[in-house]
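Beneath this line is the structure, given in structure tokens, with notes to follow.
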Amino acid sequence: MATISTYTSYLSVNRDINSSLSKVASQSSVARDTEYYKEKIGQVTSVDEFLGDYRLYSYAMKAYGLEDMTYGKAFMRKVLESDLTDSSSFANSLTDKRYLQFAEAFNFTGDAKTAQNSVQASTLTDAYKASFTAEEKSLKDESTYFAAQIGKVTNVDSLINNDRLRTYMLDAVGLDSTYTSKSYLKQVLTSDLDDPDSVANKAKNPAWKQLTEAFNFKADGTIDGLVQSADQTEDLKLNYIFNKSTFPSDLLADANDRYFEKNVAKATTATEVVADKRMLDYVKTAFGLSTGIMASSVASLMSNETFATTYGNTALLDYFNFENDGTLADGNTPQTATQTTDMAKLYEKAFQKNQATSVDEAVTNYQTRIAGVESLDDFLVSNKKDDDKKNDSVTEIWDVALRAFGIDPDEVSQSELKRILSSDTNDKKSYVNSLKDDRFVELNKAFNFTTDGKVEAPLLAQSESVSDKYASEYEKNKVRGLSGKTKQDAIDKSDKETEYYKEQMKTVTSVKDLLSDSRVTNYILEANGIDPKSVTSSDLKKMFESDLTDPKSYVNTLDDNRFTEIVASFNFDTEGNLTADAVQGGQQRGSILETTNQYVRQTLEEQQGDTSEGVRLALYFERVAPTISSAYGILSDDAIFKFFKTAYSMPDSIANMDVEKQAEMVTKYIDVTQLQDTDYVSKLIKRFTALYDTQNSTSSSSLSILSGGSTSISADTLLAVAQLKAG
């Protein structure tokens with residue numbers, strides 16, 4: 001009976017590899033063990049639990065070709081507990097890279113837990129910075145709208161019934177439109193200020209009288225002339241900008257300049273100037289006076305030379321024209337136009353200094369503080385200290401966060417904020433969702449607090465541990481076969497692409513986001529040894545739209561199971577949105593799929609090895625070849641090294657040679673850079689199987705004739721003879 005060649009046996013298995021694998025997977029013992037693994041691995045959260053479940057542990061060991069080391073639990077513990085980001089860690093230092101592959105499949109420690117990652121923090125602080133520009137624009141827009149519409153007002157009702165105008169004028173004098181009734185407002189606006197018993201005059205808050213003074217309504221609500229003079233409109237605008245500004249903007253600086261210019265001219269004494277808190281603050285800022293200095297002292301600095309000399313600051317005397325007693329001599333004004341202009345320059349310089357530091361200091365303080373936050377309680381600890389007045393101006397980090405999402409700190413108490421940030425947004429009944437306000441939901445999502453106030457790893461499109469594995473594989477593929485400066489340049493370029501990829505993983509929130517960036521998708525494919533040119537964007541879209549649990553879905557019907565593992569390696573649900581369900585215990589679902597796929601493949605190879613070691617070696621080489629990045633990858637794997645020695649008729653004694661010499665020999669015969677080329681790998685397998693059959697044949701008569709009895713026959717000759725036999 002003719003013996004079936006190793007290559008023919010190999011082809012019978014590999015020609016329809018998916019069918020072969022399916023047959024193995026359906027075997028009762030394989031199916032039972034695989035189902036157990038899938039069911040239980042998600043419940044395992046520590047190395048101890050994993051090693052303690054022999055059925056799980058041994059399944060995984062076999063999957064990664066480490067079955068012979070199953071007994072070495074202490075050794076494998078060191079592998080699993082290795083820091084894979086440290087090139088000198090135990091797993092990374094082992095020559096046999098199967099251990100590294102095994103370690104990469106698990107992540108029992110989980111990704112780094114942090115209140116915010118770099119992208120979350122920078123996105124929040126960027127929004128915080130942008131809020132100031134938005135505020136300034138809003139103030140300008142509202143002022144412009146009011147100025148354009150106020151001339152169209154014909155009576156008090158038309159003003160009160162315009163929500164936008166009503167809100168503007170109340171905000172301008174520091175009153176809350178939310179709690180102001182229209183009827184009361186009408187009574188105020190139509191008050192006779194000459195009548196001490198009028199509503200405006202009897203109001204406890206002087207802002208109501210100020211509001212009445214801003215308009216010209218008669219008692220019946222009609223207008224005698226203009227509803228507002230140009231000065232009244234401007235004064236209201238200056239007050240609006242002052243009361244609504246929350247930071248030192250250019251708009252506020254201009255408003256303060258104009259306010260001081262208009263009102264200082266009306267003063268008759270130094271005391272009148274400082275009696276207006278806004279003018280007092282203006283003076284303090286312009287001359288760099290302490291915020292705690294008394295108003296009376298500032299008035300004396302403006303007028304009394306003796307006091308100013310004793311105090312050590314005579315600068316104010318040059319900018320004001322008051323007598324020693326703080327009054328004005330006949331015909332004098334508090335300031336000349338030149339003095340007002342020069343003082344404005346002082347104010348602008350001091351104001352801009354404050355302006356430049358206020359936002360930056362808040363952001364810097366936020367970034368410093370948030371990096372050290374380890375719990376929600378840490379987040380809510382005040383940065384201000386009662387005994388340290390220098391900290392009084394520091395913005396609290398929660399104020400930065402609230403402002404970034406357009407939330408006024410007065411809207412929420414500390415206890416409410418704590419409930420918001422510790423809510424589960426996926427729970428429709430959670431506190432944050434009960435508020436029915438998207439601002440609070442987005443605020444919650446900007447942080448990584450658990451329901452018990454602890455920090456957790458952020459939910460990313462791809463877990464950090466998986467991205468680290470991608471990075472490792474990407475670099476291997478990029479430097480394969482390179483050396484010297486060319487290799488270093490490739491590493492540098494690879495590092496840049498990896499940095500970009502990882503940053504994008506922090507921003508991607510949907511499959512749509514992921515697939516919209518070709519730089520990202522190219523990286524994904526290349527990290528998995530796939531030429532991006534061989535996969536269209538529409539193919540990728542169909543893959544990620546596939547239901548991984550449906551064996552008939554598009555990605556599950558592809559011949560190359562790498563695509564299924566790629567889709568599974570991302571944390572998306574069937575709708576293409578982020579889901580925490582993709583990470584189960586110590587393994588992400590992509591790693592679970594990879595492990596079960598490896599187990600079935602390993603079982604297939606083992607079963608084939610029961611009848612033909614040559615077929616097993618051929619199948620193993622076909623699987624592992626694309627991951628080999630150097631000659632040392634061949635030398636460090638006993639099975640691959642045996643494949644090489646057989647394919648080129650190398651004696652076992654070459655293992656005694658210097659390792660570098662062995663590597664040189666490997667590169668002489670095998671082009672490592674082509675091991676991802678299926679045609680090249682196929683040629684090597686043909687060569688191996690032919691030489692394997694020849695070297696393991698029980699009959700050597702034909703070889704003896706050809707060799708004249710010599711045993712020194714070249715590998716190429718052996719290959720030719722084997723091919724003639726097969727023919």
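In this text the structure is predicted, and so the values were computed from the model without any measurement.
- Take Asp452 and apply the side chain to side chain donor-acceptor pair (under 3.5 Å) test, not counting sequence neighbours, and it matches Thr450.
- Listed by chain and number, the residues in a side chain to side chain donor-acceptor pair (under 3.5 Å) with Arg616 amount to none (sequence neighbours excluded).
- Counting heavy atoms from C-beta outward, Tyr648 and Arg687 have side chains that approach closer than 4.5 Å.
- Considering all non-hydrogen atoms of both residues, Thr8 and Ser5 come closest at OG1-OG, 2.7 Å.
- Going from atom CZ of Arg480 over to atom CD of Glu475 covers 12.0 Å, rounded to the nearest 0.5 Å.
- Contact record, Val508 with Leu578: O-CD1, 4.1 Å, taken as the closest heavy-atom pair.
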- Passes side chain to side chain contact (heavy atoms under 4.5 Å, CB included), Val555 versus Leu558? Steps please. CA-CA 6 Å; Val555 74; Leu558 297 175; 4.3 Å; yes
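- A cation-pi contact links Lys645 to Phe641, judged by a cut-off of 6.0 Å to the six-membered ring centre and 45° from its axis.
- Between the Lys97 side chain and the Leu94 main chain, a donor and an acceptor come within less than 3.5 Å of each other.
- Side-chain contact annotation: Ser653 with Asn656, donor-acceptor N/O pair under 3.5 Å absent.
- Looking only at atom types and distance, the side chain of Glu473 has no donor-acceptor partner in the side chain of Asn477 under 3.5 Å away.
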message = With side chain to side chain contact (heavy atoms under 4.5 Å, CB included) as the criterion, how do Ile566 and Met543 come out once you've worked through the C-alpha distance, each side chain's angles and the decisive distance to 0.1 Å?
response = CA-CA 9 Å; Ile566 287 172; Met543 290 177 198; over 6 Å; no
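- Of all heavy-atom pairs spanning Ala625 and Val681, the tightest one is CB-CG2, 4.0 Å.
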**Asked** Does the pair Leu460 and Lys506 meet the rule for a side chain to side chain contact (heavy atoms under 4.5 Å, CB included), with working shown?
**Response** CA-CA 6 Å; Leu460 304 179; Lys506 295 176 183 177; 4.3 Å; yes
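- A salt bridge is defined here as a Lys NZ or Arg NE, NH1 or NH2 lying under 4.0 Å from an Asp or Glu carboxylate O, and Glu49 with Lys40 fails to meet this definition.
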| task | Run the numbers on Glu606 and Lys62 for salt bridge (Lys or Arg N to Asp or Glu O under 4.0 Å), then give the verdict. | result | CA-CA 10 Å; Glu606 284 184 3; Lys62 178 178 177 178; 3.5 Å; yes
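- Side chain of Asp539 to backbone of Val535: no donor-acceptor contact under 3.5 angstrom is found.
- With Thr6 as the fixed residue, the side-chain hydrogen bond (donor to acceptor under 3.5 Å, both in side chains) test singles out one of Thr689, Asp693, Asn696: Asp693.
- Residues satisfying the ring-ring contact (aromatic ring centres under 6.0 Å, His included) criterion with Tyr692, sequence neighbours excluded, are Phe688.
- Taking CD from Glu622 and CD1 from Ile17, the interatomic distance works out to 6.5 Å, rounded to the nearest 0.5 Å.
- A donor-acceptor pair shorter than 3.5 Å can be found between the side chains of Asn448 and Gln120.
- The structure places OG of Ser46 at 9.5 Å from CD of Glu81, a figure rounded to the nearest 0.5 Å.
- Ion pair Asp489/Lys485 flagged as a salt bridge, since at least one NZ, NE, NH1 or NH2 atom sits closer than 4.0 Å to an Asp/Glu carboxylate oxygen.
- Between the side chain of Lys496 and the backbone N or O of Ile491, no donor-acceptor pair lies under 3.5 Å.
- The closest side-chain donor-acceptor pair between Gln695 and Ser649 falls under 3.5 angstrom.
- If you take CZ on Phe644 and CD1 on Ile670, they are separated by 5.5 Å, rounding to the nearest 0.5 Å.
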Original post:
Between Glu497 and Arg519, does a salt bridge (Lys or Arg N to Asp or Glu O under 4.0 Å) hold up when you go through it step by step?
Top reply: CA-CA 8 Å; Glu497 289 304 298; Arg519 189 174 172 185; 3.0 Å; yes
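- A search for side chain to side chain donor-acceptor pair (under 3.5 Å) contacts involving Asp83 returns Thr85, not counting sequence neighbours.
- For NZ of Lys476, the number of neighbouring non-hydrogen atoms (other residues, nucleotides, ligands) closer than 6.0 Å is greater than 12.
- Thr595 and Tyr64 are linked by a side-chain donor-acceptor pair at a separation below 3.5 angstrom, with hydrogens and angles left out of the test.
- Asp513 and Thr507 get closest at one heavy-atom pair: OD2-O, 4.4 Å.
- A heavy-atom distance below 4.5 Å is not found between the side chains of Leu482 and Gln488.
- Under the rule for a ring-ring contact (aromatic ring centres under 6.0 Å, His included), the partners of Tyr59 that lie at least two apart in sequence or sit in another chain are Tyr37, Tyr599.
- Remark: side-chain polar atoms of Ser12 are paired, donor with acceptor, to backbone N or O of Ser9 under 3.5 angstrom.
- Residue pairs meeting the side-chain hydrogen bond (donor to acceptor under 3.5 Å, both in side chains) criterion with at least one member in residues 626-639, sequence neighbours excluded, are Tyr620-Asp637.
- By the salt bridge (charged side-chain N to carboxylate O under 4.0 Å, His left out) test, Asp658 is found to be paired with no residue, residues two or more places apart in sequence or in another chain being considered.
- Under the 3.5 Å distance criterion, the side-chain polar atoms of Ser22 are matched with a main-chain donor or acceptor of Asn18.
- With sequence neighbours left out, Asp531 forms a side chain to side chain donor-acceptor pair (under 3.5 Å) with no residue at all.
- By the 4.0 Å N-to-carboxylate-O rule, Glu605 lies close enough to Arg623 to be salt-bridged with it.
- Donor-acceptor pairing under 3.5 Å is lacking for the side chains of Thr114 and Asn117.
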### Glu594/Lys469 under side chain to side chain contact (heavy atoms under 4.5 Å, CB included): CA gap, chis, key distance, verdict
CA-CA 13 Å; Glu594 177 189 280; Lys469 179 182 177 182; 2.5 Å; yes
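- Shown here are the ring-ring contact (aromatic ring centres under 6.0 Å, His included) partners of Phe447, two or more places apart in sequence or in another chain: Phe379, Phe449.
- In this structure, Ala568 and Arg589 approach most closely via the heavy-atom pair O-CG, 3.1 Å.
- The existence of a salt bridge linking Asp547 and Lys552 is excluded, since no basic side-chain nitrogen approaches an acidic carboxylate oxygen closer than 4.0 Å.
- Nearest heavy atoms, Ser591 versus Gln587: O-NE2, 3.5 Å.
- Judged as a ring-ring contact (aromatic ring centres under 6.0 Å, His included), and not counting sequence neighbours, the contacts of Phe544 are Phe570.
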Could you tabulate the donor-acceptor pairs under 3.5 Å formed by side-chain atoms of residues 99-110, not counting sequence neighbours?
{"residue": "Asn107", "atom": "OD1", "partner": "Gly110", "partner atom": "N", "Å": "3.4"}
{"residue": "Asn107", "atom": "ND2", "partner": "Asp111", "partner atom": "OD1", "Å": "3.2"}
{"residue": "Asn107", "atom": "ND2", "partner": "Ser465", "partner atom": "OG", "Å": "3.3"}

Contacts table for residues 65-73: side-chain donor-acceptor under 3.5 angstrom, sequence neighbours left out:
{"residue": "Thr70", "atom": "OG1", "partner": "Glu67", "partner atom": "O", "Å": "2.7"}
{"residue": "Lys73", "atom": "NZ", "partner": "Leu51", "partner atom": "O", "Å": "2.9"}

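- No donor-acceptor pair under 3.5 Å is formed between the side chain of Asn571 and the backbone N or O of Ala582.
- Donor-acceptor pairing under 3.5 Å is recorded for the side chains of Ser569 and Gln462.
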